[in-house]
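Each ligand, and each atom within it, is numbered from 1 in the order the structure gives. Residue indices begin at 1 and follow the sequence shown.
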Amino acid sequence: MSDRACISGCVRTGEHYAACADYGRADGECTGCVPLEARDGAMVCSRCYGRLRRHLEDTPALIEHIRSSIGQAAAKRYGHERTTGSRQPRTAPMDVSAVDASRDIMAAIYAPSTTADASPAAWRAHAQDGIARILADYDAIANDADAFPQWWAIVMPHEIPGHDDYWTISRALNRWPLADRRRRANKPCPDCELLDVHIIPPRQARAPTWYACNQCTWEANEHDHDGLWAALFEGTDQ
Ligand SMILES: [Zn+2]
Ligand SMILES: [Zn+2]
Ligand SMILES: [Zn+2]
């Protein structure tokens with residue numbers, strides 16, 4: 001176990017230093033002040049490592065979903081025109097935000113450019129090319145005190161101060177949610193011992209399954225600790 005603290009400033013929920021005014025009480029203002037240790041080989045904790053990585057892994061499916069929403073808007077528009085026959089065809093309002101979001105995200109992940117009329121599946125394939133390169137470097141990014149916060153900043157917040165129009169991946173996932181594939185495990189969290197761990201299957205081939213506690217900061221994937229967590233949680237979902 002590394003003794004470095006997560007550079008994102010994460011703390012262990014409910015754990016306090018003896019010097020903390022809320023040491024020994026559960027109803028204080030401080031929700032925790034003991035830093036969360038960084039993951040082995042990374043500058044950040046497993047939770048930060050996993051959350052950013054999963055957002056990146058979700059990106060190709062997200063891009064396809066966003067581009068499909070544009071297609072559906074167009075289909076509805078044509079249907080409407082057929083039923084109201086005599087009316088002059090109008091230029092239907094394009095979902096500008098979907099166009100903007102797909103453009104911002106593709107640029108952020110250095111995906112090869114594609115044409116506006118390409119199919120959602122083609123967009124997804126291009127996004128996959130961009131993401132594959134980032135994921136190949138992901139462990140290096142997570143161990144880089146400059147690169148990790150930079151990636152975090154364009155992926156994880158819903159807004160970038162001063163760039164309100166910018167579509168971060170989180171903002172787009174919020175606007176065009178993907179199906180939630182998490183399942184609840186029926187074994188307790190190894191850290192807080194509460195029964196609130198979720199099994200999060202990967203959306204990418206060869207990406208790991210994650211196990212994440214909703215009650216504390218504990219998070220690990222199927223490869224961590226030589227597969228210990230996979231052995232513990234496998235087949236325990238309800
Ligand atoms: Zn405290
Ligand atoms: Zn962290
Ligand atoms: Zn927990």
Side-chain angles (χ1 to χ4, degrees), residues 1-58 134-135 137-160 168-170 173 180 182-201 207-225 227-238:
M1 184 71 64
S2 156
D3 54 5
R4 291 189 299 187
C6 172
I7 57 166
S8 303
C10 296
V11 293
R12 302 185 73 87
T13 321
E15 288 187 27
H16 305 274
Y17 284 124
C20 175
D22 293 324
Y23 182 78
R25 41 189 294 189
D27 58 346
E29 275 182 19
C30 177
T31 52
C33 52
V34 177
L36 200 54
E37 64 272 17
R39 191 182 158 81
D40 283 342
M43 307 286 267
V44 292
C45 68
S46 279
R47 190 159 176 256
C48 289
Y49 177 99
R51 288 176 67 201
L52 178 62
R53 189 182 162 109
R54 289 198 300 274
H55 273 69
L56 292 167
E57 286 174 6
D58 283 352
I134 299 164
L135 291 178
D137 287 339
Y138 190 73
D139 281 336
I141 291 169
N143 201 24
D144 183 324
D146 294 321
F148 190 89
Q150 283 168 18
W151 276 107
W152 187 274
I154 59 165
V155 172
M156 300 303 294
H158 282 205
E159 250 178 65
I160 296 182
T168 64
I169 292 171
S170 269
L173 282 167
D180 186 355
R182 294 182 306 169
R183 314 187 307 267
R184 196 144 178 195
N186 61 13
K187 289 259 174 62
C189 170
D191 208 347
C192 70
E193 297 176 359
L194 292 169
L195 195 61
D196 202 4
V197 172
H198 278 92
I199 300 170
I200 311 170
T209 293
W210 283 85
Y211 311 99
C213 179
N214 283 337
Q215 298 292 330
C216 76
T217 49
W218 186 82
E219 200 164 315
N221 73 37
E222 63 176 280
H223 305 305
D224 290 340
H225 295 92
L228 174 69
W229 310 118
L232 181 69
F233 290 112
E234 208 56 54
T236 71
D237 51 303
Q238 294 166 343

Within-4.5 Å side-chain heavy-atom neighbours: D180 and H198: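 No, every pair of side-chain atoms sits at 4.5 Å or beyond.
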request  = Just to the nearest 10 degrees, tell me the angle at the Zn ion (ligand 1) spanned by C33 SG and H16 ND1.
outcome  =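 SG of C33 and ND1 of H16 make an angle of 110° at the Zn ion (ligand 1), to the nearest 10°.
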In this structure, the Zn ion (ligand 1) sits at the vertex of an angle between SG of C20 and SG of C30 that rounds to 10° as 110°
task = Please work out which of the three classes, parallel, tilted or perpendicular, describes the rings of Y211 and F233, given edges at 30° and 60°.
result = parallel
Exercise for review: State whether the side chain of R12 and the backbone N or O of C216 hold a donor-acceptor pair below 3.5 Å, judged by distance alone.
Suggested key: no
For the pair E222 (side chain) and T209 (backbone), establish whether a donor and an acceptor sit closer than 3.5 Å, ignoring hydrogens and angles.
yes
Legend entry - Evaluation steps, ring-ring contact (aromatic ring centres under 6.0 Å, His included), between F148 and Y49: CA-CA 9 Å; F148 190 89; Y49 177 99; 7.8 Å; no
Q) How wide is the angle at the Zn ion (ligand 2) between SG in C48 and SG in C6, to the nearest 10°? A)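 SG of C48, the Zn ion (ligand 2) and SG of C6 span an angle of about 110°.
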In this structure, the Zn ion (ligand 2) sits at the vertex of an angle between SG of C45 and SG of C10 that rounds to 10° as 110°
If you stand at the Zn ion (ligand 3) and look out to SG of C213 and SG of C192, what angle do those two lines make, to 10°?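 Output for this angle: 110°, rounded to tens.
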